[in-house]
Every structure is written in structure tokens, then in C-alpha cells.
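In what follows, a structure is listed as C-alpha cells, so that the remarks can point back to it.
One-based numbering, in listed order, for ligands and for the atoms of each.
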Amino acid sequence: MKFFVDSADVAEIREVANWGLADGVTTNPSLLARTGRPYADVLREICDLVDGPVSAEVVSTDAPAMLEEGQKLARLSPHVVVKCPVTIEGLKAAKALSARGIKVNVTLVFSPLQGLAAAKCGASYISPFIGRLDDIGQDGVAVVDQLVRILRNYEYPTQVLVASIRSTDHLLRAAEAGAHVATLPFNVMKQIVKHPLTDVGLENFLADWRKTKQTI
Ligand code: E4P
């Protein structure tokens with residue numbers, strides 16, 4: 001399973017890249033707006049930090065304008081994957097971008113059939129937003145499970161990129177469902193290797209070792 005960093009914060013992305021856990025990055029308009037910086041500068045810096053796909057989203061709502069924005073975003077770096085929303089116009093743009101050899105991540109997916117439609121239009125990635133589904137009392141991971149099975153049934157090359165992850169439990173369940181990628185906010189990324197027994201175990205090992213007065 002690949003781990004992407006769900007952030008437009010260059011410092012966070014640099015840190016996760018140093019841990020060796022950043023296989024890619026996903027941004028969205030809200031995350032880029034939060035930086036208060038020109039989007040192209042931020043995206044170029046991110047693309048220099050990570051040797052993997054970096055999703056950047058179009059902000060128009062009609063297909064011709066999305067196509068133009070997508071091509072502009074893709075010119076920033078070969079790492080850029082263009083995010084289009086799963087609307088009719090977004091799917092038209094996704095198909096046109098894919099036909100031009102530009103990878104597309106179809107975003108704001110909340111149902112398995114939206115994901116299937118995106119796969120049919122040539123999406124490289126589909127992004128189910130599981131946390132937002134949980135927020136309205138639905139089971140986000142169940143949609144991931146359905147998407148994985150549907151793509152497998154028809155041998156689509158499209159990858160399920162699980163988004164809107166709020167906890168390590170989300171990550172664990174997405175991995176069990178066979179999702180190809182999980183995009184993780186920094187706070188969840190930090191929790192992945194945390195376990196209280198690891199901390200206690202390490203403390204005890206080191207205390208015992210100090211008593212020997214040896215160095216390695
Ligand atoms: C990433 O591609 C999505 O935009 C992001 O995961 C959405 O997360 P949120 O629901 O926490 O805003």
C-alpha cells in the first residue's frame with residue numbers, strides 16, 4: 001500500500017519524506033488556500049521534495065476550462081496528477097486529460113458507482129472521502145471495499161486512493177479492504193508507528209543496557 005501525504009504544508013511534507021513514508025502527496029484547493037502562498041510555487045516545491053505523484057485540483061466547473069487548468073497544472077511538473085471532481089463535466093475533463101497522457105485523480109467520490117464511472121473515463125486514481133461519509137453516519141470504508149472489488153471484477157488499472165482519513169483505524173480498515181493508496185494527514189501519519197508498549201519496551205531495554213556501562 002502506498003502512503004501519500006494529505007497536505008500542502010511544505011514543512012510537513014519534507015518531514016514525512018525524511019521518514020521515508022511519502023510515496024506521493026495530495027492537495028486540494030482548501031489546503032493550498034491555507035498556505036497563503038501562490039499555488040504554483042507551493043506545488044513546484046512539493047514536487048521537488050517527493051519522488052511520486054502530487055495531486056493538484058482544478059477549480060473550474062465546466063469541462064473545457066477544467067481541461068485548460070489541468071494542462072496548466074500538469075506543465076508545472078511531471079509529478080502532477082490532475083484532480084477533477086466526479087461531476088459530468090469533471091468526467092469529460094478527466095477523459096480528455098487522460099487521452100492527452102495526463103494522469104487524473106477523480107475526487108469527491110462518495111459512492112461505488114461514481115468510482116466506477118470515473119474508472120470508465122480513464123482515471124488513474126479515484127478518491128473516496130471516507131471521513132466525510134462517516135460524518136453523515138455512513139460507513140466510508142464499506143465504499144472502499146466495494147470500489148476495490150468492482151475495479152478487480154473488471155480489471156481496471158485505476159487505483160483506489162482513500163482520502164479524508166481521520167484515524168489509524170481508518171487506515172487499517174482501508175488496508176484490509178485492499179486499497180492501493182491511503183492519503184494521510186500529518187497527525188495520522190505520526191500515529192502510525194506509535195504504541196505505548198513500544199515506548200515502555202524501549203525504555204526498559206535502554207535502562208538495562210546503561211547498567212552494563214558498555215557502548216556499542
Ligand atoms: C484529499 O485528496 C482530500 O482532498 C482530503 O483527504 C479531504 O480530507 P477532509 O475530508 O479531511 O477535508
Side-chain angles (χ1 to χ4, degrees), residues 1-10 12-13 16-17 21-36 39 42-43 46-47 49-50 52-61 66 69-70 73-74 76-77 79-87 90-91 93-94 97 102-112 114-115 118-119 123-144 147-148 158-175 177 179-192:
M1 183 185 223
K2 289 194 171 141
F3 289 173
F4 290 0
V5 193
D6 195 15
S7 175
D9 181 320
V10 173
E12 281 182 0
I13 295 164
V16 179
L21 286 182
D23 298 312
V25 172
T26 52
T27 67
N28 63 35
S30 306
L31 292 170
L32 281 167
R34 212 173 292 158
T35 68
Y39 78 91
V42 177
L43 288 172
I46 294 173
C47 290
L49 279 175
V50 176
V54 174
S55 287
E57 190 160 343
V58 296
V59 288
S60 286
T61 50
M66 287 184 194
E69 287 178 0
L73 289 168
L76 290 174
S77 160
H79 290 272
V80 168
V81 171
V82 176
K83 261 176 144 180
C84 296
V86 63
T87 58
L91 292 184
L97 287 162
I102 295 171
K103 289 196 168 150
V104 177
N105 172 359
V106 172
T107 189
L108 289 166
V109 168
F110 292 97
S111 81
Q114 286 180 318
S124 295
Y125 300 95
I126 46 181
S127 291
F129 277 35
I130 64 171
R132 294 191 195 188
L133 278 167
D134 287 7
D135 289 345
I136 60 159
Q138 294 186 18
D139 183 0
V141 179
V143 173
V144 173
L147 281 168
V148 168
T158 309
Q159 298 191 34
V160 177
L161 191 171
V162 184
S164 190
I165 288 182
R166 305 271 164 78
S167 64
T168 49
D169 185 56
H170 268 158
L171 172 61
L172 175 60
R173 292 178 60 216
H180 307 83
V181 187
T183 189
L184 302 156
F186 189 61
N187 65 319
V188 176
M189 196 66 96
K190 278 191 298 190
Q191 291 303 313
I192 292 173

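The shortest distance between side-chain heavy atoms of V5 and F186 does not fall below 4.5 Å.
Within the model, atoms CG of L31 and OG of S7 stand 6.5 Å from one another, a figure rounded to the nearest 0.5 Å. We find the CG-NZ distance between L97 and K83 to be 14.5 Å, quoted to the nearest 0.5 Å. Atom-to-atom distance recorded for L147:CG and L161:CG is 11.5 Å, nearest 0.5 angstrom.
With T27 contributing its side chain and S55 its backbone, the two residues share a donor-acceptor pair below 3.5 Å.
With 3.5 Å as the limit, one finds no donor-acceptor pair spanning the side chains of Q191 and T168.
Contacts of ligand 1 (protein heavy-atom distance under 4.0 Å) are D6, T26, N28, K83, F129, R132, A163, S164, R166.
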